[in-house]
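Numbered from 1 within each chain, the chains take letters A, B, ... in sequence-line order.
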Amino acid sequence: MPIIFGSITPDLKIVMSALPDLLMAMLKFTIPLALISFAIGLVIAILTALIKFLKPSENIFIKVPWNCLKAFANFYVWLFRSTPLLVQLFLIFFGLPSLNIQIPAFIAAVIGFSLNLGAYASETIKSALLSVPQDQWDAAYTLGFSTRQILIKIILPQATRIVLPPLSNEFIGLVKDTSLASTITIMEMFQLSQQMTSTNYKPLLMYSLVALLYAFLCSLLSLLQKYLEKRSSKFLNGGNN
Amino acid sequence: MIEMNNIQKSYGKQKVLNDINVKFPKGETTVIIGPSGSGKSTLLRSIDLLVRPDSGIIKFPDLEVDYSNPISKQKRSNLINKTSMVFQNWNLFPHLNVIDNITIAPINVQKVKKDVAIKKAYDLLRKVDLESYANRYPSELSGGQQQRISICRALAVQPEYILLDEPTSALDPELESQVLKLLKELGEQKQSIIMITHNMDFAKSAADNILFIEDGKVQFQGKKDEFFNNPNERIKEFLNGISII
């Protein structure tokens, strides 16, 4: 430590004085941004995945609108996966005002993050739905279940176990991506650490500190992932897991 | 009695079912046999709408469905509720324990009260000698046990017929005989059974009727004794082909 940071005492002082503000920025911006965007993004992802996954009935009044929805879903996923997140944020926050659409920075960030996460996670969820064998559908159909019941009671519980690891990846990625919100004027953790650096001239110390804080948050999420994986896999080892 | 008339089904150019006309008497066990790829499974799955034939009619005394016309939701569920399928790989729901596997359909489809459904499920489990496994998950059971549970699951919705698609093909001989004994018992209790199997011993001892299908056509339909004691040339050939003696 002394080799990296020089004399430890003044550095420690800087850390101790920076930490409360950084933690505050984490609580006020980083965590809410990540949580709200993930929640909204997840809803978008589930709807998009279902639109792409389910086959419409032969009834033309269902089939035509459904296929329109499907085309829209495909376009949406294509759009947000083939452009950089940073560019998306800039377009929403700096670009839309030219069309007289003014969006506050925090809301612009939530829109950008949730649409981006929704596009990626929809593919994750779709693949989890597809991974439940057709046999499970057959077994449920023969017992008289409706498609909706089969989805909720048979397919989703099994798909949840499969979707957890990749979805956790995406959530953890989102937590770190919130640092991009600094570019659209949001005073989140990383932006604050940059500002502090410009007054105390300790870039290595400040950026290490903020990196640690991100790592701390993500470690908590990894623990949550482990717990949820255990819970959703109970049936594999007969509940002894 | 189930009556199926003029059933046709093609996958692309290949005719899988070619003008099938069959009857499955109530309260009896009908065994469907025939070479692989003959259309047995397709026919069986048609009864439960897991496969939709291109045309043809299926008739129950109180229900008639024309496969070539649109089938209303009500008709569809009436037809599905008349029968219940047991699969080669049993297809139990892996995330539910044994009791929930058996009761999930009665509770959610037939809207039976939970305690009634559970009581009924235990009766069924006693029948198959697996009462003590009620709270286990499928992954903890042997194949034969899982298949017996899946038969309970099929019976729990009180279908008129149970349909079995090679229920013992994935089991070793000891487990197979557990399942076959159970099916024989059910047959003796006048449960209507339609079953695809390659096990001729079961066909000889437990079947009432035999349906022999080849290339999507019915080659034989009638009583068991006639099939085994008085076979035509093609049946003789088939029976000799699958015998090692």
Could you grab the distance from atom [atom1] of [X] to atom [atom2] of [Y], nearest 0.5 Å is fine?
X: Asn97(B); Y: Lys234(A); atom1: CG; atom2: NZ; answer: 10.0 Å
X: Asn108(B); Y: Ile154(A); atom1: CG; atom2: CD1; answer: 8.5 Å
X: Asn91(B); Y: Thr142(A); atom1: CG; atom2: OG1; answer: 10.5 Å

Heavy atoms of other groups near [X] [atom1], more than 12 under 6.0 Å:
X: Lys127(B); atom1: NZ; answer: no
X: Leu223(A); atom1: CG; answer: yes
X: Arg231(A); atom1: CZ; answer: no
X: Met24(A); atom1: CE; answer: no
X: Gln189(B); atom1: CD; answer: yes
X: Tyr207(A); atom1: OH; answer: yes
X: Lys120(B); atom1: NZ; answer: yes
X: Lys52(A); atom1: NZ; answer: yes

Quick check against the 3.5 Å criterion: does [X] have a side-chain atom that pairs as donor or acceptor with the backbone of [Y]?
X: His95(B); Y: Lys153(A); answer: yes
X: Ser139(B); Y: Phe235(A); answer: yes
X: Gln149(A); Y: Ala105(B); answer: no

Side chain, backbone, both or neither: which part of [X] has a non-hydrogen atom closer than 4.5 Å to chain A?
X: Ser84(B); value: both
X: Thr83(B); value: backbone
X: Asp48(B); value: side chain
X: Arg45(B); value: side chain

Can you find a heavy atom in the side chain of [X] that is under 4.5 Å from one in the side chain of [Y]?
X: Gln136(A); Y: Pro94(B); value: yes
X: Phe145(A); Y: Ile104(B); value: yes
X: Phe87(B); Y: Asp135(A); value: no
X: Leu143(A); Y: Met85(B); value: no

